[in-house]
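In this chain, residues are counted from 1 in sequence order.
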Amino acid sequence: MPKLREQLDLHLLRVLQSLLKEHSVSRTAIRLGMSQPAVSNALRRLREITGDPILLRGKKGMVPTERGPLLLAHATEALQAIERISASAEPMDPSQSTRVFNLGAPDYLDGAFIPDIAERVRRQAPQARLVVHTINPDLDYVQALEEGELDVVIGNWLEPPEKLHLARLFDDEVVCMLGRHHPLAQRGLSLQHYLEMPHLAPSAHVTDKRGFIDGCLAEQGISRHVQMVVPYFGLVPGILSRTDMVFTTNRQFAEYYARILPITVLPCPVHFPLMRFYQLWHPRTHNAAELLWFRRCIAQAAGRLDGLSEGTP
């Protein structure tokens, strides 16, 4: 036989609250739209569950027991808690948010992309903080999203991680970067040039994952001669401007630096699919109002507002 206290449900809580406010079975019946026998039956069950008479007959009607006010307070508190749990989340007011937003992102994005996100956050939510974390092989970003250390991760993968929500941000073309002084900067690159040239490459950004460029080359049975590896994409333009190496990357990154440094951007002689960039987040934050707003800021910076909930696990 189940314990009687386990039988206390939402209906009985409402009856208990009304009885202790009205001090009357008949008025409780009217207030809750119930019959008097139904209220009397509920009162009997409440007495069994609580071990207290709850209401007793007095000279001027029903009066609560000494424990009655405490039971009323508990019932009211429980009903308010249930209402808060079942209520829809209130719309977020960014101007009042003091949340710390944690964004994981690689440093090969367009140099204006993260600043655009920062500008939007700063303008709309001036009291909030934005912390940008670099994605590197030491960071398990899936676990960081699950544990709340990161709110959103931006990146591109040949196969996006499973069990995470994702939304496409933008697609980008693969190109080659050379120093403007390079003999091939004006002539262009052939496939033979590409295979024979010394390549500059980034170190892995994700543990145990092959990079997009080398993964695509391997699928075509091609390998490049990597002469130098650097940990940060920000080092690439300076190295290219002083060496004879080539760097394969996305067009947005290349053209950003070509506008401010002696860099030439050339079509890549190897066929690559478009690099597709995503934002990823964990299912536990999918409906969080503040993070929905933050993901919209990222989508707006990418010029994309559709698909914020596509790719759900």
Side-chain angles (χ1 to χ4, degrees), residues 1-102 124-125 127-129 143-152 163-165 281-296 308-309 312-313:
M1 178 177 179
K3 294 181 180 179
L4 288 174
R5 64 172 57 94
E6 294 177 354
Q7 300 175 15
L8 185 60
D9 56 19
L10 179 61
H11 166 69
L12 287 178
L13 281 173
R14 287 174 175 160
V15 173
L16 177 61
Q17 182 191 52
S18 182
L19 283 169
L20 289 169
K21 283 185 174 181
E22 300 291 343
H23 298 174
S24 167
V25 170
S26 58
R27 288 197 296 270
T28 293
I30 294 172
R31 179 173 181 172
L32 297 181
M34 298 171 60
S35 67
Q36 288 192 35
V39 174
S40 296
N41 185 57
L43 176 56
R44 179 184 58 78
R45 291 181 60 199
L46 286 165
R47 284 169 171 168
E48 292 174 352
I49 292 171
T50 62
D52 188 90
I54 301 174
L55 291 177
L56 297 172
R57 292 192 180 278
K59 292 183 178 180
K60 297 183 179 180
M62 303 289 282
V63 295
T65 63
E66 184 175 349
R67 192 182 172 201
L70 181 61
L71 291 175
L72 174 59
H74 287 333
T76 300
E77 182 181 355
L79 288 168
Q80 290 174 344
I82 292 171
E83 183 178 356
R84 288 193 295 270
I85 291 171
S86 60
S88 300
E90 295 182 0
M92 179 205 176
D93 181 359
S95 66
Q96 300 302 312
S97 176
T98 58
R99 185 189 178 101
V100 178
F101 295 96
N102 289 282
Q124 298 180 41
Q127 300 181 74
R129 291 183 60 207
Q143 182 177 349
L145 287 170
E146 181 177 326
E147 295 181 354
E149 296 176 8
L150 293 177
D151 297 315
V152 178
K163 299 181 180 179
L164 294 176
H165 287 279
W281 62 95
H282 196 272
R284 67 179 188 79
T285 65
H286 184 61
N287 295 316
E290 289 184 311
L291 293 178
L292 178 60
W293 169 81
F294 183 51
R295 296 195 298 268
R296 287 190 177 279
L308 274 179
S309 60
T312 54

**OP:** Let me see the working for R67 and T50 under side chain to side chain contact (heavy atoms under 4.5 Å, CB included), right down to the final yes or no.
**Re:** CA-CA 10 Å; R67 192 182 172 201; T50 62; 4.0 Å; yes
Original post:
Is L72 close to Q17 at the side-chain level, that is, under 4.5 Å between some pair of heavy atoms?
Top reply: yes
Subject >> Residue pair V152, L291: steps toward the side chain to side chain contact (heavy atoms under 4.5 Å, CB included) verdict >> reply: CA-CA 8 Å; V152 178; L291 293 178; 5.5 Å; no
Subject >> Side chains of N287 and L292 in contact at under 4.5 Å (non-hydrogen atoms) >> reply: no
Original post:
For R27, does the CZ atom sit with more than 12 other heavy atoms under 6.0 Å from it, leaving out its own atoms?
Top reply: yes
Original post:
With side chains defined as the heavy atoms from C-beta onward, is the minimum distance between L10 and L79 less than 4.5 Å?
Top reply: yes
**OP:** Taking the side chain as every heavy atom from C-beta outward, state whether L19 and V25 have any pair of such atoms under 4.5 Å apart.
**Re:** yes
**OP:** For the pair W281 and H286, name the ring-plane relationship: parallel under 30°, tilted 30 to 60°, perpendicular over 60°.
**Re:** parallel
Original post:
How far does CG of L56 sit from CD of E66, to the nearest 0.5 angstrom?
Top reply: 11.5 Å
**OP:** Check whether any side-chain heavy atom of H165 lies under 4.5 Å from a side-chain heavy atom of P283, and answer yes or no.
**Re:** yes
**OP:** For the pair D151 and R295, find out whether any cationic side-chain nitrogen is under 4.0 Å from an anionic carboxylate oxygen.
**Re:** no
Original post:
Hey, is E22 close enough to R31 for a salt bridge, meaning N to O under 4.0 Å?
Top reply: yes
Original post:
Got more than 12 heavy atoms from elsewhere within 6.0 Å of CZ, R47?
Top reply: yes
**OP:** Please report the C-alpha distance between L164 and H282 in whole Å, then the side-chain angles of each, then the deciding distance to 0.1 Å, and finally whether the side chain to side chain contact (heavy atoms under 4.5 Å, CB included) criterion is met.
**Re:** CA-CA 5 Å; L164 294 176; H282 196 272; 4.1 Å; yes
Original post:
Run the side chain to side chain contact (heavy atoms under 4.5 Å, CB included) check on V63 and L55 step by step: do they pass?
Top reply: CA-CA 5 Å; V63 295; L55 291 177; over 6 Å; no
Original post:
Just wondering, do T28 and M34 contact through their side chains at under 4.5 Å, heavy atoms?
Top reply: no
**OP:** Please lay out, stage by stage, how S97 and E290 fare under the test side chain to side chain donor-acceptor pair (under 3.5 Å).
**Re:** CA-CA 8 Å; S97 176; E290 289 184 311; 2.8 Å; yes
Original post:
With a cut-off of under 6.0 Å to the ring centre and 45° to the axis, is R296 in cation-pi contact with F294?
Top reply: no
Subject >> Exceeds 12 heavy-atom contacts within 6.0 angstrom, atom CD of Q127 >> reply: yes
Subject >> Non-hydrogen side-chain atoms of V39 and L32 separated by less than 4.5 Å >> reply: no
